[in-house]
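Scroll down for the structure; my scribbles are underneath it.
None of these values were measured; they are calculated from a predicted model. Each ligand, and each atom within it, is numbered from 1 in the order the structure gives.
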Amino acid sequence: MEAKHDVLVVGAGCAGMRAAIEAFDAGADVAIVSKLHPTRSHSGAAEGGINAALGNSSEDSPETHAFDTVKGSDYLGDQDSIEIFTAEAPGDIYQLEHWGCVFSRTPNGKLAQRPFGAAGAPRTVFSADITGHVLIHVLYEQLMKRDITVYEEFFAHELVVDDGRCQGVICWDLLNGGVKALGGKTVVLATGGIGRLYRITTNAYACTGDGMAMALYAGVPLKDMEFMQFHPTTLYPSGILITEGCRGEGGFLLNKDGERFMKRYAPNALELASRDVVSRSEQTEIDQGRGINGSVMLDLRHLGADRINDRLPGSRELAMTYAGVDPIYDPIPVRPGAHYHMGGVETDSFGATELTGLYAAGEAACVSVHGANRLGGNSLMETITFGRRSGRAAAEWALSHTTVAVPESQVTDAERRIRRLLDRPTGDRPHIVRDELGSSMLENFGVFRREDKMVAQKEIIGRLRERYQNVYVEDKGGVFNTDLTQALELGSMLDVAACMLEGGIARRESRGAHSRPYDYPNRDDENFLKHSITYWVDGAPQLSYKPVRMTKYQPQERKY
Ligand SMILES: Cc1cc2nc3c(=O)[nH]c(=O)nc-3n(C[C@H](O)[C@H](O)[C@H](O)COP(=O)(O)OP(=O)(O)OC[C@H]3O[C@@H](n4cnc5c(N)ncnc54)[C@H](O)[C@@H]3O)c2cc1C
């Protein structure tokens, strides 16, 4: 074993860093393992803001925030977790502010809050449109202040399970090469999402769902895997995100005729309906021939140069650099793109999983706050609130237990598997399989879903998984062998995709991001007001269900 700690946090985005800080403050010896330098984590790309009911721009309360979140989730979110989330969010925001987060302010000095989709009040706290960048740097400062160990550029690929509990992770050391085993009395998975399953996505190359796969292989179930959120405004053609803050600040969506088409789909909320609704509306416009080159237009011109430069400078720069359009003068071409995965490693509201010693937080986890559809601004908040809660719970368990064991045989088995991959002399290149996966997922498991296409996609994934058995890593070296780690990521992506399809085919209804307009156009609370739960059994997904935890919000029709 390379080293051992009380708490090992895998992932250094907002969730991982917040968990590590809390575990440290609880008195634990904590270390972070990350395949990227912490500030390169994908959280840094978050733009529009983070939700808490501070009531600075108009009346608001945690209860209203909870109701909006439950409704936005299409009633699939666990209501007890949502109530904890909205009640604790304001305190977490003030703490971030005291740590040095430079949030935008109102003229009278309060933290400014902008409207976001499906929110009953302007509750999204923001730093212009670089909120994630600000958060991640402040959290990193807090890590450095505490001198928390970071195993940087360590690629975790296997959990150590011994004596019925999780006791560490097996990693590939990217900088020096070689398998390294790290022991932890508890492990927190905070490895982020899996947007890279899709060819068009807002997600960085590192968002490959490794943590979900590691949990799955360790016998821990994934929850609600069929729910992938498509963000309505991703830049054409690259898929780079243009924040919902643009619509929050008053941007319009137009079709090729210059019509503000959202008035036909969501007459009250218009562009600020929930993301699933806006993405479906856009896709319908595009599919029915009212788009332009497979996109619609996001028009900010009426906001004026001053507001665009003050509130949305990053979006303007992205549009100019990647679409050649200055939004002060021209509308931005946008279309729906894969953005956020609502599903993940099943946890309770302390981040604990079914496996003793294993916790999860952030986009890798499913608490479940977002249910079938996440509200913009709720994810960053979830990384902080549930990152903190899981860090505390992991530390408390670790501090009341003494031993850590990493069986030598598991390390040698991992070494043998990697050696086999490196020694293979020919075969399919991983990037070819990955491209086929990304294109076919977009075609067959996108904004709208059809039974025949989902079944075809399941078969495609089956064939790609067979081809994966023979993938060939060209780079045989030890230093920064990203060819090897990308091959390992591909294995995770294929298996997690198989879980998503299993859940999607079986869910014979339309709910949130899972839309089946051709065969099951309605939500079916009688049969499907339940979470899908997927285990990995004999190399294949095995589906079961669990009830949604309800408190006081009874399912209603969603109208915007
Ligand atoms: C472009 C964009 C803009 C967004 N804007 C907003 C917004 O304005 N508001 C909002 O609420 N949400 C937003 N979201 C969503 C939100 O940013 C993410 O859900 C959230 O930041 C995820 O944080 P995380 O800590 O869970 O994961 P990440 O920040 O993705 O961090 C994952 C960490 O895990 C590590 N890791 C992964 N795999 C391994 C492995 N195998 N071994 C070791 N380490 C590993 C990575 O190195 C990284 O440190 C946005 C998302 C995108 C894509």
- Under the salt bridge (Lys or Arg N to Asp or Glu O under 4.0 Å) rule, collect the residues that match up with Asp25, sequence neighbours excluded. Arg146
- Residues which pass salt bridge (Lys or Arg N to Asp or Glu O under 4.0 Å) with Asp129, listed by chain and number, not counting sequence neighbours: none
- Item | Check ion pair Asp92-Arg389 (N to O, under 4.0 angstrom) |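 Salt bridge absent between Asp92 and Arg389.
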- Query: Hey, does the Lys NZ or Arg CZ of Arg196 hover above the aromatic six-ring of Tyr205, less than 6.0 Å from the centre and inside 45° of the axis?
  - Reply: yes
- Message: Against the six-membered ring of Tyr340, is Arg374 placed for a cation-pi contact (under 6.0 Å from the centre, within 45° of the normal)?
- Response: yes
- Neighbouring protein residues of ligand 1 - any heavy atom closer than 4.0 Å: Val10, Gly11, Ala12, Gly13, Cys14, Ala15, Val33, Ser34, Lys35, Leu36, Ser41, His42, Ser43, Ala45, Ala46, Glu47, Gly48, Gly49, Phe154, Phe155, Ala156, Ala190, Thr191, Gly192, Thr202, Asn203, Asp210, Leu241, His339, Tyr340, Gly362, Glu363, Arg374, Gly377, Asn378, Ser379, Leu380, Thr383
- Task: Identify, with sequence neighbours excluded, every residue that meets ring-ring contact (aromatic ring centres under 6.0 Å, His included) alongside His5.
- Result: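 Testing His5 for ring-ring contact (aromatic ring centres under 6.0 Å, His included), a comparison that skips the adjacent residues, returns Tyr151.
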